[in-house]
Each structure stands twice: as structure tokens, then as C-alpha cells.
Amino acid sequence: PYAVLDLTIQADFDTVNNGDSGRDRSPGSISYDDPVTGEIASLNCIVEARGNSRRQCGWRPLRFHFDGDPEGTIFTGTGRFIDFVTHCGYRHEQWEGLAGRDEDEHDRRLHQEFTFYQVIRAVGGMTLETRLASTTYQDPSGHTLAQRYGFIRERKSRAPRRCGLQRQERDEGDPFRPPNATSLFQAEFHHKLVFNDDYRFPNAERNVVRMTDGREDFYFPYDFDLSGVIEPKHYGRTVQQNADELLQWLRQQQQALARTQVAELLSKEAELRKITVSASADAIGKNELNEWLQTHLDSLKAFICS
């Protein structure tokens, strides 16, 4: 995920970013510097806008549609669709939760969200795979409109296959099939760990993917752009208050499971510190990530010692 891809996206972004509908799209292409051959590879695709609240972004999150699995490229095996997370960018009518008014702040938020995916992977949790991209946006004539970071994100439908499981939509599956206790705990624990309340499950699924092996259901979290680290005003509490609430929540869980999971996470402390110290965010973003990590590690250690 840290091998930064040099990516160029060419499309009619006046159409893609207009924000009037949920699926604005344009014929286009993506090009990248192939890390193996050193040559530029290019793929034709449809560039489509994604998002609900982020429909109001100046640069909306994207989805690339290919005619088929892009075999022979670095995207081989991803399927006909690839999701791409953008830096959002300022738009005068955008929702307050997105309202960073300078490009550096929007870049910082993207790098912090990317970091949280690496944190969850580092502690043994399940989430979507990601890859950072230094991105050039061009109009159909090849004129450069912006140069910002973004990241490629695995599709929710592909991740279960990677794990040998079957994706379950909200209205699918056996209502009496039990959840895997560890997975159920981890999905909520990891959302709370990264200071993200923007999720719902198991009765209503939001920012949690449900999968099955036919015997049990499994869950994993994703989409951390409204973490309280990234958007501190959104939940009305501080990083310290979130750490305190996480501690109280842990004390209410099944203790053998909670203590096993917390102990396992704490065994990865050195790796977690390396992730936040070497994060791709700017100095302000790194400081916020380091403060978040230290505060939450302190709470988790207090839980183990209690």
C-alpha cells in the first residue's frame, strides 16, 4: 500500500463533479507508470462519481468501469470496477462535515483515512485493501486540472472472495445464522478505535461488510472519512473523550474475548507507532495521528491492567 503509484485520470470532470446526481460519468482513461516495466500503461474506462454526502465534494470519489477484468495490468484480478478515493476539495455548498476550506486540509484528511486502513490491517483486522496514488487529473484535451493524492480502494464485493467467503447483502442470508463472535467484536472495536461512529450493524448495515462461510457471518469495517481525528467537530467530543468511551465499552464486553483482542493489539504497538510516525500525512496530520494513537494505547493498557 505504501508504494505510491503515479496515476493520471483523464475525463470530463465538469460532468463527473457536477454533484447533481449520484452517478455522473464520462468516458475517460487512467494511465500509470508501470513499476515493473518502467513504461506508461493506459486503460480506457468509464469514470463515474460515487458518494452520498461526498456528492458535494469539489472532487468526488470515483469508480472506474472497464470492459472486463484488466488482465496484463497492475489491476489484474480486481474485476471490472475499481473504486478511487479523492481528496474531496472545497465546494461552496458542501456539507459541514466536509468543509475544509483549503486543499492542504483536504489532502491531510485523505492521508489520515488511508492510514487508518493500514492500522486495522496491522492489528490483524479485516478491511479493504488500499494503495496510495499521486494523481494528476486531466480534461479530455489533456490539460492538467489538479495534482493531488488519492487512493485506490478494493471493492466491497471483492474482499470477501479474497478471504474465501461470500458477500451478503442486507436482505440476504439466513436470519438465524450466528455471527462469528470474534469478527462481531472486532468490527465494532476497530471502528471505535479509529474514532469513527459512522457505522451500523448487524441489524442495519452501514460501513460494515457482512460475509459468510455458510456456517457463520463475518464482518469488517471500512470508510473512515468521518473519524473524529479527521473531522473533530463531527461527534462533539475530543480524542481523549473517545479513548475514555472506548475503555468503558470494553469493560461492558465479554471479558475473555475483549482482553484477548486488546492484548493482541498491544503486542503490535511498535508497528502501530511506525505507521503513524511514517504516515504520508503532513506534519499537522502526523501529530494528530500520533496523539490519537498514544491516547488510545493508554486507555487500552489501562483496560488490561484493570
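Both backbone and side-chain heavy atoms feed into the values below; hydrogens, waters and symmetry mates do not. Position 1 is the first residue of the sequence; numbering continues from there.
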Report task. Determine whether the aromatic ring centres of F224 and H191 lie less than 6.0 Å apart. Result -> yes
Query raised in the report: Salt bridge or not for D104 and R109, using N-O below 4.0 Å?
Result: no
Report summary line: Taken to the nearest 0.5 Å, the spacing of R158 CZ from R80 CZ works out to 10.5 Å
Query raised in the report: Can the ring centres of Y222 and Y199 be said to be less than 6.0 Å apart?
Result: no
Query raised in the report: Would you say Q147 and T135 make side-chain contact, with heavy atoms under 4.5 Å?
Result: no
Query raised in the report: Between D12 and T15, does any side-chain donor sit less than 3.5 Å from a side-chain acceptor?
Result: yes
Query raised in the report: Is the gap between the ring centers of F116 and W292 under 6.0 Å?
Result: yes
Query raised in the report: Is the NZ or CZ atom of R259 positioned over F303's six-membered ring, under 6.0 angstrom from the centre and within 45° of the axis?
Result: yes
Query raised in the report: Does a side chain donor of either S31 or T8 reach within less than 3.5 Å of an acceptor in the other side chain?
Result: no
Query raised in the report: If you measure from the Lys or Arg side-chain nitrogens to the Asp or Glu carboxylate oxygens, is any gap between E129 and R153 under 4.0 Å?
Result: no
Query raised in the report: With a 6.0 Å cut-off on ring centres, are F66 and F81 close enough?
Result: no
Query raised in the report: Do I40 and F64 belong to the same hydrophobic cluster, where Ile, Leu, Val, Met, Phe, Trp and Tyr are linked whenever their side-chain heavy atoms lie under 4.5 Å apart, directly or via other members?
Result: no
Requested in this report: List in chain and number order the residues that pass side-chain hydrogen bond (donor to acceptor under 3.5 Å, both in side chains) with E113, two or more places apart in sequence or in another chain; answer none if no residue qualifies.
Outcome: none
Query raised in the report: So, R237 and E245, do they make that salt bridge, N to O below 4.0 Å?
Result: yes
Query raised in the report: Does K301 come within less than 4.0 Å of E269, counting only side-chain N to carboxylate O?
Result: yes
Requested in this report: Using a strict 4.0 Å threshold on nitrogen-to-oxygen distance, state whether R210 and E205 make a salt bridge.
Outcome: yes
**Report entry** Salt bridge D223-R206, side-chain N to carboxylate O under 4.0 Å
**Finding:** no
**Report entry** I304, CD1 atom: more than 12 neighbouring heavy atoms under 6.0 Å
**Finding:** yes
Query raised in the report: Would Y219 and I120 show up in the same hydrophobic cluster when neighbours are defined by side-chain heavy atoms closer than 4.5 Å?
Result: no
Report task. Enter the distance from Q294:CD to L272:CG here, rounded to the nearest 0.5 Å. Result -> 11.5 Å
Report task. Decide whether Q240 and D244 meet the rule of one side-chain donor and one side-chain acceptor closer than 3.5 Å. Result -> yes
Query raised in the report: Salt bridge or not for R162 and E154, using N-O below 4.0 Å?
Result: yes
**Report entry** ILVMFWY cluster, V208 and F185 together (side-chain gap under 4.5 Å)
**Finding:** no
Report task. Answer yes or no: is there an ion pair linking D107 with R148, defined by an N-O contact shorter than 4.0 Å? Result -> yes
Query - Aromatic ring proximity Y149/H87, centre distance under 6.0 Å - result: no
